[in-house]
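Heads up: the structure comes next, in structure tokens.
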Amino acid sequence: MPESFDAMLADLADAAAAVTPLPDVAAVRRRARERSVHRRMAVSAFALILLGTCGGTAAVVAGHLNGTTQGTITPGATANVSSAAVPPDGAAQGVGGTAPDTSGVEAYAPIAGTWMSVAGDEYLVVFPDGGIGMSEKGAWQLCDGQLADVGSEVFYVDEIACGDYGTSGLMLTGVGDGALLKLSVPGLGGSTPQTVVYRRLAAVSAASGTASAAQNLAGDWLSADARRRLVIGTGGAVTLLTAGSTGAEAAYLGTVTGVYGDGVRVEISCKTASAADGTRCGVVELERVDATRLYVVGSTGSELFTLEGPASGLIVQPTAGAASGTQSGTFSMAPSAFSFTGG
Amino acid sequence: VSDELDFNEFFTASFRRIVSQIYAMTGNLAEAEDSVQEAYARAWQRWDDVRDYADPESWIRTVAYRLSISAWRKSVNRRNAHRRAAASPELPALNPDHLTLVAALRRISPDQRRAIVLYHLVGLTIAEIALETGAPEGTVKSHLNRGRKALAPLVSEFAEVGSGGPRRSSPDLVGEW
């Protein structure tokens with residue numbers, strides 16, 4: 001081994017660069033456009049599922065894989081059982097839309113909750129409406145995904161937004177008495193399939209459809225290590241400020257998109273003020289401990305935050321739909337927004 | 001058109017360099033190529049913002065690294081990687097020293113390897129690594145120290161670190177560590 005590690009590493013990198021072909025940049029731009037289309041198709045397909053077309057779930061999923069669902073309906077403005085349908089590309093959702101059927105939602109109740117991998121290094125949150133958050137190594141927030149119930153306690157995972165990447169073929173399966181959940185990643189190209197087994201940490205209640213203490217989270221919250229600040233507005237807008245090691249700050253903007261039991265879901269968008277094609281970046285779960293403390297569940301698990309100032313009110317309000325006879329727990333959603341500075 | 005020209009120039013100038021850096025972090029060239037391509041595709045989607053970042057290459061590198069280590073993304077990346085690997089032999093220019101180094105890097109943890117590559121190959125400071133990885137500076141130093149200790153049996157330059165003896169007098173190391 002030569003004395004200079006730096007030189008050795010540079011030689012290795014040069015060798016790798018020398019054999020790396022430079023792709024056609026037009027192909028890279030085309031790849032970006034294709035992925036955007038893929039995402040819209042996926043969201044549309046799952047909107048159909050969430051809207052209660054359970055009898056045709058398998059067909060919808062198959063149709064999506066075959067690319068036949070393009071141009072179908074987008075998620076409605078509101079959703080029941082304290083959760084919202086996933087917004088397309090972080091787009092704003094209107095208020096007062098028709099509340100969807102809830103028949104497809106109950107399927108997710110048995111696996112709703114917070115899960116930790118048996119290895120102890122990855123987390124999975126399953127929301128009552130089938131929304132999921134999965135740990136992404138190196139990121140604070142969870143990848144933002146959506147399940148489809150294909151029967152026999154098997155749940156198909158199509159859309160995973162870590163940034164905005166979509167993949168397919170992943171399956172979640174309940175194991176045993178429901179204490180374990182298995183994520184199956186199929187082998188592709190002759191590779192070995194992967195399996196991640198999660199154990200349940202906590203269940204969430206799908207039954208809570210009324211404004212609860214969990215919603216009374218508006219305020220200014222500070223993490224235990226004082227490196228993160230969470231500002232929750234009364235309208236459901238959430239701002240996360242993270243202090244970098246050099247003092248620079250990164251700001252993530254998100255939106256409360258679901259309320260259940262003792263917690264809320266916050267979706268974080270990659271959308272910027274100038275980017276029309278902004279997409280979801282991830283999701284975190286907030287769980288209220290008491291009047292002055294809450295847990296934020298992200299990629300590395302739960303992080304305790306403490307209220308810095310007085311709570312200022314409810315963060316999510318029932319919509320007119322709830323008042324007019326649809327199930328209580330139908331909530332309006334504020335538009336997503338996102339900005340990133342100092343990164 | 002101006003956007004496309006800017007992006008073309010940025011892509012052409014930096015693609016191979018970032019692939020080589022991700023390769024050093026992950027040890028898989030085909031997956032590194034695919035992850036970096038994906039990162040550039042994402043950059044193009046929001047080029048109006050990325051182009052104005054202080055260090056767009058850092059953004060690309062961070063996105064590509066996250067893509068490359070994500071277990072569920074690998075299921076897709078692997079499909080492309082296999083296709084590419086079948087089409088071209090991997091690193092014919094590797095000599096025995098290279099192979100030894102790759103094997104050594106694969107034996108340390110991903111976090112240690114990322115810190116080692118960012119520091120020794122990319123040339124970032126401890127503070128810059130902390131900013132890029134989102135880890136506190138103390139954690140970055142720990143990753144670097146532990147990585148160097150683990151590499152010590154194979155890298156003579158790190159032998160003193162590995163034995164717990166005094167550090168080498170390299171100015172940057174004295175200053176940063």
Side-chain angles (χ1 to χ4, degrees), chain A residues 1-6 8-23 25 28-29 31-32 35-36 122 134 136-140 143 157 160 162-165 167 169-170 183 185-186 188-191 194 196 227 242 244-246 248 270 272 274-275 277-279 340 343, chain B residues 4 7-8 11-12 15-17 19-21 23-24 29 33 37-38 40-42 44-46 48-49 53 59 63 65-67 69-76 78-79 81-83 88 90-94 97-98 100-102 117 120-121 127 130-131 133-134 136-137 154-158:
Chain A
M1 214 31 140
E3 275 297 306
S4 173
F5 177 74
D6 289 15
M8 189 67 191
L9 200 55
D11 284 348
L12 176 67
D14 288 345
V19 299
T20 299
L22 185 65
V25 66
V28 173
R29 285 196 290 267
R31 179 172 178 162
R35 197 184 54 252
S36 295
E122 302 208 16
M134 281 182 175
E136 180 184 18
K137 288 176 181 172
W140 171 74
C143 296
V157 185
I160 291 288
C162 295
D164 50 5
Y165 198 82
T167 185
L170 311 188
L183 172 69
V185 181
L188 296 171
S191 60
Q194 298 176 25
V196 180
R227 295 187 68 240
T242 63
S245 55
T246 58
C270 290
T272 64
S274 60
D277 197 22
T279 52
F340 183 83
Chain B
E4 288 195 5
F7 183 77
N8 291 357
F11 176 82
T12 304
F15 178 81
R16 288 193 176 100
R17 178 167 55 246
V19 167
S20 69
Q21 293 164 358
Y23 167 63
L29 183 59
E33 285 181 49
Q37 274 200 50
E38 175 67 19
Y40 276 99
R42 293 180 182 202
W44 173 242
Q45 284 189 301
R46 58 202 65 156
D48 282 349
D49 298 300
Y53 290 163
W59 189 92
V63 171
Y65 178 74
R66 288 177 180 173
L67 286 168
I69 63 170
S70 174
W72 38 89
R73 279 200 200 98
K74 280 183 177 176
S75 67
V76 172
R78 200 180 297 120
R79 176 178 50 196
H82 274 279
R83 192 183 307 137
S88 62
E90 184 162 324
L91 288 182
L94 279 185
D97 280 347
H98 288 154
T100 302
L101 179 57
V102 170
V117 170
H120 288 279
L121 176 62
L131 195 59
T133 62
E137 290 187 19
L154 296 166
V155 182
S156 56
E157 185 179 350
F158 295 160

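Lettering follows sequence order; numbering is per chain, from 1.
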Looking at every non-hydrogen atom in both residues, tell me the closest pair between [X] and [Y] and how far apart they are.
{"X": "A:Ala16", "Y": "B:Leu29", "result": "CB-CD1, 4.2 Å"}
{"X": "B:Arg16", "Y": "A:Pro21", "result": "NH2-C, 4.2 Å"}
{"X": "B:Val19", "Y": "A:Thr20", "result": "CG1-OG1, 3.7 Å"}
{"X": "A:Pro23", "Y": "B:Phe15", "result": "CD-CE2, 3.3 Å"}

Checking B:Arg17 now: which residues fulfil side-chain hydrogen bond (donor to acceptor under 3.5 Å, both in side chains) with it, not counting sequence neighbours?
B:Glu57
Identify, with sequence neighbours excluded, every residue that meets side-chain hydrogen bond (donor to acceptor under 3.5 Å, both in side chains) alongside A:Asp14.
none
Gap separating the CG atom of B:Leu121 from the CG atom of A:Leu9, nearest 0.5 angstrom:
4.5 Å
Passes side chain to side chain contact (heavy atoms under 4.5 Å, CB included), B:Phe7 versus A:Arg29? Steps please.
CA-CA 10 Å; B:Phe7 183 77; A:Arg29 285 196 290 267; 3.8 Å; yes
With side chain to side chain contact (heavy atoms under 4.5 Å, CB included) as the criterion, how do B:Thr12 and A:Val25 come out once you've worked through the C-alpha distance, each side chain's angles and the decisive distance to 0.1 Å?
CA-CA 8 Å; B:Thr12 304; A:Val25 66; 5.7 Å; no
